[in-house]
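Here is the structure we will look at, set down as structure tokens.
Proteins come first, then strands; the chains are lettered A, B, ... in the order of their sequence lines, and each starts at number 1. Computed from a prediction, not measured in an experiment: that's the story for all the values here.
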Amino acid sequence: DAGITQSPRHKVTETGTPVTLRCHQTENHRYMYWYRQDPGHGLRLIHYSYGVKDTDKGEVSDGYSVSRSKTEDFLLTLESATSSQTSVYFCAISEANWGFSYGYTFGSGTRLTVV
Amino acid sequence: GQQVMQIPQYQHVQEGEDFTTYCNSSTTLSNIQWYKQRPGGHPVFLIQLVKSGEVKKQKRLTFQFGEAKKNSSLHITATQTTDVGTYFCAGLFSGTYKYIFGTGTRLKVLA
């Protein structure tokens, strides 16, 4: 979907290094999410944002931090990458009314490998 | 914790056969959404169910939400090779603002 882009698409990094993934949207949606996808676990929520500078933790937030200084950008930072954070990371956006999302639009994903 | 269980994990069918995947929650859901992810792709929103007992259809796909709003199903009639992918449900628990995804059902269609 053209309204949401993730960068980079692929990254290989070394254990212990910080890594930042970027999600950019042009839809002006209020809600943005970071998920990770691993075999057998489906999609697990890391962090989400419900507005500029408003963020909250998801199911698997340990070792991750986020920032949202503008409506269109949501950054995910792995503070000190570990091999267990090797995964495919998806960003998603939505408009929602009182928690009732109108469906998430996902980005194309970032495949991160920590060696 | 809040979980949405999805079964089966995998399903192989012959082209033309029907396919069903099920999602179950131990507690009441406010609503449930369904997504499809093609191999190597990203999840794509299919539909949202909100009302108890709701049934919606999209061509060969039929979506149902249980009367107690604790379970849901997706049924595909006469599968085609284009149906290949992983189907996810995502439930919104009452009183929360975060959707919880099921683990997905990977569908393979044999021509």
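- Considering only heavy-atom pairs separated by less than 4.5 Å from chain B, the leading option among A/Gly103, A/Gly109, A/Gly42 is A/Gly103.
- B/Phe93 and A/Tyr33 fall into different hydrophobic clusters, where Ile, Leu, Val, Met, Phe, Trp and Tyr are joined by side-chain heavy atoms under 4.5 Å apart, directly or via other members.
- Residue-environment remark: OH (B/Tyr22) stays at or below the threshold of 12 foreign heavy atoms within 6.0 Å.
- Heavy-atom neighbours of A/Arg44 CZ from other residues, nucleotides or ligands within 6.0 Å: above the threshold of 12.
- Of all non-hydrogen atoms in A/Phe90 and B/Gly41, the two that sit nearest each other are CZ-O, 3.7 Å.
- The neighbour count for B/Gln14 CD, taken as heavy atoms of other residues, nucleotides or ligands under 6.0 Å away, is above 12.
- B/Leu92 and B/Leu29 sit in two unconnected hydrophobic clusters of ILVMFWY residues. Membership requires side-chain heavy atoms under 4.5 Å apart, directly or through other members.
- A heavy-atom distance below 4.5 Å is found between the side chains of B/Ile100 and A/Glu59.
- To the nearest 0.5 Å, the span separating CD on B/Gln33 from OG on A/Ser94 amounts to 8.0 Å.
- Listed for the A/Tyr104 side chain is no donor-acceptor partner under 3.5 Å among the backbone atoms of B/Tyr35.
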What do the steps show when you test A/Tyr35 against B/Phe101 for ring pair (Phe, Tyr, Trp, His ring centres under 6.0 Å), and what is the final call? CA-CA 10 Å; A/Tyr35 285 88; B/Phe101 279 76; 5.2 Å; yes
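- Looking at every heavy atom in both residues, A/Gln37 comes nearest to B/Phe88 through NE2-CZ, 3.3 Å.
- Here the OH atom belonging to A/Tyr102 is positioned 8.5 Å from the CD atom belonging to B/Gln48, to the nearest 0.5 angstrom.
- With hydrophobic clusters built from ILVMFWY side chains whose heavy atoms lie under 4.5 angstrom apart, B/Ile76 shares a cluster with B/Ile47.
- In this structure, chain B has a heavy atom under 4.5 Å from the side chain of A/Tyr48, while its backbone stays farther away.
- Both the backbone and the side chain of A/Leu43 come within contact range of chain B, judged by heavy atoms closer than 4.5 Å.
- The neighbour count for B/Arg38 CZ, taken as heavy atoms of other residues, nucleotides or ligands under 6.0 Å away, does not exceed 12.
- Transitive grouping of hydrophobic side chains (ILVMFWY, heavy atoms separated by less than 4.5 Å) brings B/Leu46 and B/Phe65 into a common cluster.
- For A/Phe106 and B/Phe45, the ring centers are positioned 6.0 Å apart or more.
- Of the atoms belonging to B/Gln6, not a single heavy atom falls under 4.5 Å from chain A.
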